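This report concerns only the one structure given below.
Note that the numbering runs from 1 along the sequence shown for the chain. This is a predicted model, so every value here is computed, not measured. Counting starts at 1 for both ligands and their atoms, following the listed order.
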Amino acid sequence: MIPTDFEDVAQQVATGRLARQSIQGLLQEAHDRYRENREGLQAHYIPALGHADPEHFALSMAHVGGSVFEVGDCGHEFSLQSISKMFVFALAVQHLGRDEVRERIGVNNTGLPFNSVMAIELNEGRPMNAMVNAGAIATTELVPGEGPEDKWVAIHRGLSDFAGRELQLDAEVYASESAANERNKALGRLLKSYGRILGDPEAAVDVYTRQCSLRITTRDLAVMGATLADGGVNPVTGVRVLDADTCRDTLAAVAASGLYERSGDWMFEIGIPAKSGVSGGIVAVAPGKGALGAFSPRLDSAGNSVRGQLAVGHLSRTLGLNLFASAPERWSVPER
Ligand code: GLN
C-alpha cells in the first residue's frame, strides 16, 4: 500500500479545458481515417456476438457542458459487456466506500487476460481489480441490496442513471452468454472457495451476465463516461449519480486495468483512462472535459476493438485529452 495522509486535506481539482471546440469535425476525421481498417476478428465465444455486423463503426463524444457529438452508426445498439465493470465498481465504491472495496477486490493490474484463472491462484484468491471477469463477478455482491435480485435492480438503475435513460436487456445476448459461460462460473466457484464471494457464486455470475447484456449506443457510452468526467453529475440530465471522490477513484482503477494486460501500453500511447468490452465498445474518459464512446466489433487478441482503439487514440491527440501531455507555460524554447 502507498502511505497517504489525506484525512484532513481537501481534494482540489485542476483539469484543463478542451483544446479545440471543433469536436464534430474531429470525430468525422477519425471516422474517415479508420473506417477502411478491417483488422481483427469479432468475438465468437459468446455465440450471439458472432452475428454482429463487423462493419459497424460509431464514435460519440459527450462534453461536460452537456452537448453530445456523433458520427457513423450511432443509433446502433450493442451489448455493454466488460464496460459495465467500471460503472458497477463505481456503484460499489459509492455504496461501501473505497477502502472496503479496495480490500475485497483490489485496484492493481493482474498482468493477465480478462478471464484468467491463474490471476486468482497467483494472488491467494484476491481478484486484484474489478475490470477483469473475476473481480467484476465479486463486485456484483458489493452493490446495495439484500440478494441477487435486489442487487440487479440497483445495478440496472445505476447504469441507467449513468446513461440518462432506462437501459434494456438484450435477451438474445443474455441467453447466449448464459449458455456458454462455464468459465465465468468456474471463476465464481474459485472465488467462493477463497471467501471472496459470500453468497451463491452462480447468482453472482448471473447478475454479472445481465449487466454485460444491457444494450447501449456510443452516445450512451459517451454520456456514461462524461458523468465520471463531470464529478459524478450526468452532464445531460443534471442528475448526481456519484460523489466526485468516487469518480476519481473509479477512473484511477480504470487507468490501471481498463485495457486488461495492455493497460500500461494504453496509458503510454493514449493517456486517458478507458474501458473496453468484447462486443467492440470502448469508453474513454478525460476528467473535467468529457468522454468518448467508440464501437466497432473487430477485436485484437486482448479483446479490444481495433478501430475503436485507433479512433480514440487519434481523438486523444487531436482533442488534447492526454493527461500526461504538457507544453511549457512561460518559455518559448524549441523542442529537442
Ligand atoms: N461478458 C463477457 C465475459 O464475461 C465480458 C468480457 C469482456 O467484455 N471482455 O466474458
Side-chain angles (χ1 to χ4, degrees), residues 40-52 77-89 109-120 127-140 152 155-156 159 167 169-191 197 201-216 218 220-221 224-225 253-254 256-263 266 274-284 293-306 308-309:
L41 255 190
Q42 69 215 84
H44 282 90
Y45 76 98
I46 298 172
L49 298 186
H51 307 151
E77 290 192 324
F78 53 95
S79 53
L80 188 55
Q81 298 300 336
S82 266
I83 299 172
S84 62
K85 293 166 177 165
M86 67 191 266
F87 297 103
V88 176
F89 175 80
N109 198 296
T110 65
L112 290 164
F114 68 81
N115 58 1
S116 175
V117 175
M118 280 302 293
I120 303 177
M128 299 301 282
N129 69 71
M131 308 303 146
V132 294
N133 290 13
I137 292 165
T139 303
T140 63
W152 164 243
I155 288 173
H156 185 203
L159 299 194
L167 299 176
L169 191 83
D170 187 320
E172 189 200 345
V173 169
Y174 173 57
S176 180
E177 181 163 350
S178 298
N181 66 352
E182 296 307 329
R183 190 177 180 92
N184 283 342
K185 288 183 189 155
L187 294 174
R189 290 211 166 273
L190 195 54
L191 290 167
I197 284 184
E202 291 226 357
V205 171
D206 181 57
V207 171
Y208 164 77
T209 308
R210 284 193 244 179
Q211 76 187 43
C212 288
S213 304
L214 289 171
R215 299 166 71 94
I216 36 104
T218 53
D220 295 324
L221 284 184
M224 294 170 86
V254 172
S257 304
L259 276 276
Y260 318 118
E261 72 275 29
R262 306 242 166 113
S263 300
W266 175 268
K275 184 78 204 78
S276 64
V278 284
S279 54
I282 298 182
V283 63
F295 171 68
S296 191
R298 292 195 190 92
L299 312 176
D300 68 12
S301 59
N304 303 320
S305 169
V306 176
Q309 292 178 85

Show me the short polar-atom pairs for ligand 1: any N or O of it lying under 3.5 Å from a protein N or O, with distances only.
from: ligand 1; atom 1: 1 (N); to: Gln81; atom 2: OE1; distance (Å): 2.6
from: ligand 1; atom 1: 1 (N); to: Glu177; atom 2: OE1; distance (Å): 2.9
from: ligand 1; atom 1: 1 (N); to: Glu177; atom 2: OE2; distance (Å): 2.7
from: ligand 1; atom 1: 4 (O); to: Asn133; atom 2: ND2; distance (Å): 3.1
from: ligand 1; atom 1: 4 (O); to: Glu177; atom 2: OE2; distance (Å): 3.3
from: ligand 1; atom 1: 4 (O); to: Asn184; atom 2: ND2; distance (Å): 2.8
from: ligand 1; atom 1: 4 (O); to: Tyr208; atom 2: OH; distance (Å): 2.7
from: ligand 1; atom 1: 8 (O); to: Ser82; atom 2: N; distance (Å): 3.0
from: ligand 1; atom 1: 8 (O); to: Ser82; atom 2: OG; distance (Å): 2.9
from: ligand 1; atom 1: 8 (O); to: Val278; atom 2: N; distance (Å): 2.8
from: ligand 1; atom 1: 9 (N); to: Ser82; atom 2: OG; distance (Å): 2.9
from: ligand 1; atom 1: 9 (N); to: Tyr260; atom 2: OH; distance (Å): 2.8
from: ligand 1; atom 1: 10 (O); to: Tyr45; atom 2: OH; distance (Å): 2.5
from: ligand 1; atom 1: 10 (O); to: Asn133; atom 2: ND2; distance (Å): 3.3

Under 3.5 Å side-chain donor-acceptor pair for [X] and [Y]:
X: Arg262; Y: Ser301; value: yes
X: Tyr208; Y: Asn181; value: no
X: Asn184; Y: Asn133; value: yes

- Backbone of Val205 reached by a side-chain donor or acceptor of Thr209 within 3.5 Å: yes

- Task: Quick one: pull up NE2 in His51 and CD in Gln42 and give me the separation to the nearest 0.5 Å.
- Result: 9.5 Å

- Query: Between Tyr45 and Phe114, what is the ring plane arrangement, given parallel below 30°, perpendicular above 60°, and tilted in between?
  - Reply: tilted

